[in-house]
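Chain A is the first sequence line, chain B the second, and so forth, proteins listed ahead of strands; every chain is numbered from 1.
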Amino acid sequence: MPTALEDVVELARRRGFFWPAYEPYGGAAGLYVLGNLGVRLSAKIAQLWREYFVTPFNFVELDTPNLVPAPVLEASGHVSNFRDPMAECSSCHRKYRADHLLADAGSKLGEGSSLEEMEKELNSLKVKCPECKASQWTVRPFLTMFDTKLGPYADVTAFLRPETAQGTFVEFKRILEVERERMPLGVAQIGRGFRNEISPRQGIIRLRELRMMELEVFLDPEKPECQYLDRADEKTTLRILTEKARVGGVTEPEEVSLKEALESETIKLEWLGFLMLQSKKFMLALGVPPPSIMFLEKLKEERAHYSTQTFDLEVNLNELGWVEVAGLAYRTDFDLKSHTMKTGVDFSVSVQLPAPIKRKVRRWFIDIEKLKKAYPVEWRSMMKEYGSIKEREGEPPSSLAGVSVEPSLFTIKETEESVNVRKFIPHVVEPAFGVERLMLASLLYAYTTKEDRTVLRLPVEIAPQDVAVFPLISKEPMIKTAIEIAEELRKAGLAVFYDESGTIGRRYARSDEVGIPFAVTVDGQTEQDGTVTLRDRDSWTQVRVSRIQLGKEILNRKTA
RNA sequence: GCGACGAUCGUCCAGUCUGGUCUAGGACAUCAGCCCUCCAAGCUGGUAACGCGGGUUCAAAUCCCGCUCGUCGCACCA
């Protein structure tokens, strides 16, 4: 008895949603192809995602390169954090996680230690290779990002991006300018991410190249309130398994309203909570039922290096268990700060204060003429150091370039200055979805059988095709009329599936199987009165509709 | 990457132990045609597979070795 998952995977291949890539060459783990229906489904899911995360808030979209020069990902911490220490046995060349070998050997060194330290420790403790019992090791990093070179010069390293977010962060300044410094500002990116997974598994669940939908919401940390909170109805609750509960051994999530979760500080930021609620609504729209949705708070050691609070959005996929379909992370100002440190580019935002703040400032200046007289030889090198001092508030320095300086060589000026702006580095909240996992989830929850036939009850908004058109029997003039109607509906902007092979029952079965919500059949009566039957995928009930009204009627039902 | 198990038409299964009769068989799906006035009906015909590489042998789907891919556990993550 095949499971629903197996049926869906088989259906996906047979009808062209997705299948493993490069099969003629024996396949390549972690790489998948989207066929025609898969392309349509993923496009519909992306469109629906926009309706939940982008358009209602007037957020913007961005598309940055997949290739990222190394320094960008060095700054973001990915180069040092997206790697595992790999110990290789010098005699049999088998590879292990170095920190795991050390832990087994009782060493104090662990994940935080340097590669050199770990290699030394492994060799000095004479840790034996679990396979061949040799004890000579080399420790190398295993980078879970794909690296490559830009152009012909070996020193210009680049990576395929592990997430779209860094592209967004790096471009933040320009986007901010284009958007005239609106805050909060959401910047969405739908694109591919690449991860050299040690072991890609479970079909489309763990991929080496995946489609991501990420939103970065930039906020003023002093105004972290979410102005859309009133849109959050209290009926939609969140099922949360908190870090505290998990540490305490609890395995069942708690069901709370967003308001309660924020009041109890279970969720540390309004925006994070609001996006969690949007995420839940998005999952409901994809056809996942409420009991199969929960948020799992990540433990400190599970969180990515950039995050202070993270919830995984998990969906129960039966035989696959709870599968993470999104990560919602409060990244604070980690990323923008990191890029500022690396580049010196100021990623801060200025906001005008309601009233300027006046303050008295004491600044010191050196008297050059006096200095020249006092130090006829050394004054040049002293001035060089003086010129490099940016802050001239407070007390003047007692020495310059190693030469002590009399306070009398400085003049003090007192001025009143007014500060008109407040500068801050925005904080970032990020929901990040994996498209392939969403496709699988929606297919699994849409999968039903009716009278031994498969019916994919995909929500109308994400069904890859809108309407099927058939002649009742494959004979003229029904074929001709059906083809005409198919053309008319295509012109009306609908995705039409036309089929005349087999018998009518078989054709309905074929269209049910890929979730086409409506089927139009041309029969004998069509010739006489210009009406056709319009059949509903889920109820199999039919009504007669005039051919002229057809396009309108289907569009009406779609939006109903 | 490690360990365990596995790999035959699109799918499921037969054949492998005991090498030859396998030019690899069946069912379902698919394609062409016939039939067909509402839910995978029937008939005829077709397409379609021994994962890859090497070895043993007169002879390999079948025995041996390596690799690849898959499933599951460990680890990693959307």
Side-chain angles (χ1 to χ4, degrees), chain A residues 1-2 6-7 9-11 13-16 19-20 22-31 81-84 86-89 93-97 99-101 111 129-131 142 144 162-165 192-214 298 302-304 310 312-315 319 323-329 430-438 440 450-455 470-475 478 501-513 519 521-527 532-533 535 537 540-542:
Chain A
M1 175 85 181
E6 286 164 347
D7 281 349
V9 167
E10 151 66 7
L11 174 68
R13 176 173 32 211
R14 192 160 43 78
R15 297 302 303 271
W19 59 85
Y22 304 115
E23 283 184 308
Y25 285 86
L31 301 177
N81 288 295
F82 254 66
R83 58 173 74 227
D84 298 327
M86 206 68 115
E88 182 174 343
C89 170
H93 298 287
R94 278 174 221 272
K95 288 167 181 170
Y96 306 91
R97 281 280 296 261
D99 49 328
H100 293 174
L101 286 177
E111 247 182 306
C129 171
E131 275 309 310
F142 175 74
T144 46
E163 57 172 6
T164 67
R192 292 180 193 241
F194 305 82
R195 292 172 187 184
N196 200 1
E197 293 290 341
I198 296 169
S199 152
R201 211 56 82 58
Q202 300 177 82
I204 210 163
I205 293 288
R206 181 165 292 110
L207 296 168
R208 290 204 164 116
E209 179 174 343
L210 56 131
R211 289 167 180 78
M212 308 176 113
M213 302 189 293
E214 297 189 311
K298 300 303 270 184
E302 295 171 338
R303 281 198 296 264
T310 301
D312 278 352
L313 169 52
E314 299 201 334
V315 167
E319 51 263 74
V323 170
E324 179 188 359
V325 295
L328 292 105
E430 172 200 79
F433 284 84
V435 177
E436 285 85 355
R437 289 186 180 185
L438 293 176
L440 185 63
K450 180 165 180 173
E451 296 174 16
D452 283 332
R453 293 179 0 188
T454 298
V455 180
F470 312 127
L472 181 59
I473 55 167
S474 38
K475 272 189 177 162
M478 289 183 200
S501 88
T503 55
I504 188 66
R506 179 169 294 238
R507 301 198 275 263
Y508 285 140
R510 270 197 280 255
S511 79
D512 285 344
E513 188 182 52
T521 303
V522 173
D523 58 17
Q525 202 178 321
T526 309
E527 276 306 289
V532 293
T533 62
R535 169 186 180 272
R537 175 193 68 198
W540 294 4
T541 54
Q542 291 178 312

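The salt bridge (Lys or Arg N to Asp or Glu O under 4.0 Å) check on A/Arg437 picks up nothing, with sequence neighbours excluded. Taking A/Ala509 as the reference, A/Arg453 meet the side-chain contact (heavy atoms from CB on, under 4.5 Å) condition, with sequence neighbours excluded. For A/Thr521, the side chain to side chain donor-acceptor pair (under 3.5 Å) partners at least two apart in sequence or on another chain are A/Tyr508. Partners of A/Glu314 according to the side chain to side chain donor-acceptor pair (under 3.5 Å) rule, which considers only residues two or more places apart in sequence or in another chain, do not exist here. Scanning for side chain to side chain donor-acceptor pair (under 3.5 Å) contacts around A/Glu163 gives A/His78, A/Gln166, A/Arg331, with sequence neighbours left out. For the side-chain contact (heavy atoms from CB on, under 4.5 Å) test, residues two or more places apart in sequence or in another chain that qualify with A/Arg192 are A/Asn66, A/Phe194, A/Glu209, A/Arg211. Listed by chain and number, the residues in a side-chain contact (heavy atoms from CB on, under 4.5 Å) with A/Lys450 are A/Val455, A/Arg457, A/Trp540 (sequence neighbours excluded). With sequence neighbours excluded, the residues satisfying side-chain contact (heavy atoms from CB on, under 4.5 Å) with A/Glu513 are A/Leu11, A/Arg14, A/Arg15, A/Thr454.
At the phosphate of B/rA29, OP1 or OP2 sits under 4.0 Å from a side-chain N or O atom of A/Arg506.
When the C1' atom is used for both B/rA32 and B/rC39, the distance is 24 Å, rounded to whole Å. Separation of the P atoms belonging to B/rC52 and B/rG42 is 35 Å when rounded to the nearest angstrom.
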Scoring nucleotides 4-14 of chain B by protein non-hydrogen atoms under 4.0 Å (B base, S sugar-phosphate only, - none) yields -------S---
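Which of B/rA40, B/rC39, B/rA78 sits closest to the side chain of A/Glu513 comes down to B/rA40. Here the nucleotide nearest the side chain of A/Arg453, chosen from B/rU30, B/rC39, B/rC77, is B/rC39.
Among the protein residues, A/Glu214 comes within range of no part of the nucleic acid, since none of its heavy atoms lies under 4.0 Å from any strand.
No hydrogens or angles were tested; on distance alone, a donor-acceptor pair under 3.5 Å links the side chain of A/Arg437 to the base of B/rC77. Looking at A/Arg206, its side chain comes within 3.5 Å of the base of B/rC77 through a donor and an acceptor atom.
Between the side chain of A/Arg13 and the backbone N or O of A/Trp19 there is no donor-acceptor pair closer than 3.5 Å. Panel note: side chain A/Glu436, backbone A/Ile204; no donor-acceptor pair is recorded below 3.5 Å.
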Show each protein N/O and nucleotides 43-52 of chain B N/O combination with a separation under 3.5 Å, one pair to a line.
none

Could you go over nucleotides 33-38 of chain B and give all protein N or O partners under 3.5 Å, atom names and distances?
residue	atom	partner	partner atom	Å
B/rC36	N4	A/Ser474	O	3.1
B/rC36	N4	A/Ser474	OG	2.9
B/rC38	O2	A/Tyr508	OH	2.7
B/rC38	O2	A/Gln542	NE2	2.9
B/rC38	N3	A/Tyr508	OH	3.4
B/rC38	N3	A/Gln542	NE2	3.2
B/rC38	N4	A/Asp523	OD2	2.8
B/rC38	N4	A/Thr533	OG1	3.2

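If you take CD of A/Glu451 and P of B/rA41, they are 13 Å apart, rounded to a whole angstrom. The interatomic distance linking A/Arg15 (CZ) with B/rA40 (P) rounds to 16 Å, in whole Å.
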Per-nucleotide pairing state of RNA chain B [Watson-Crick or G-U, under 3.5 Å; [ ] pseudoknot-crossing; | other strand]
(((((((..((((......[....)))).(((((.......)))))....(((((..]....))))))))))))....
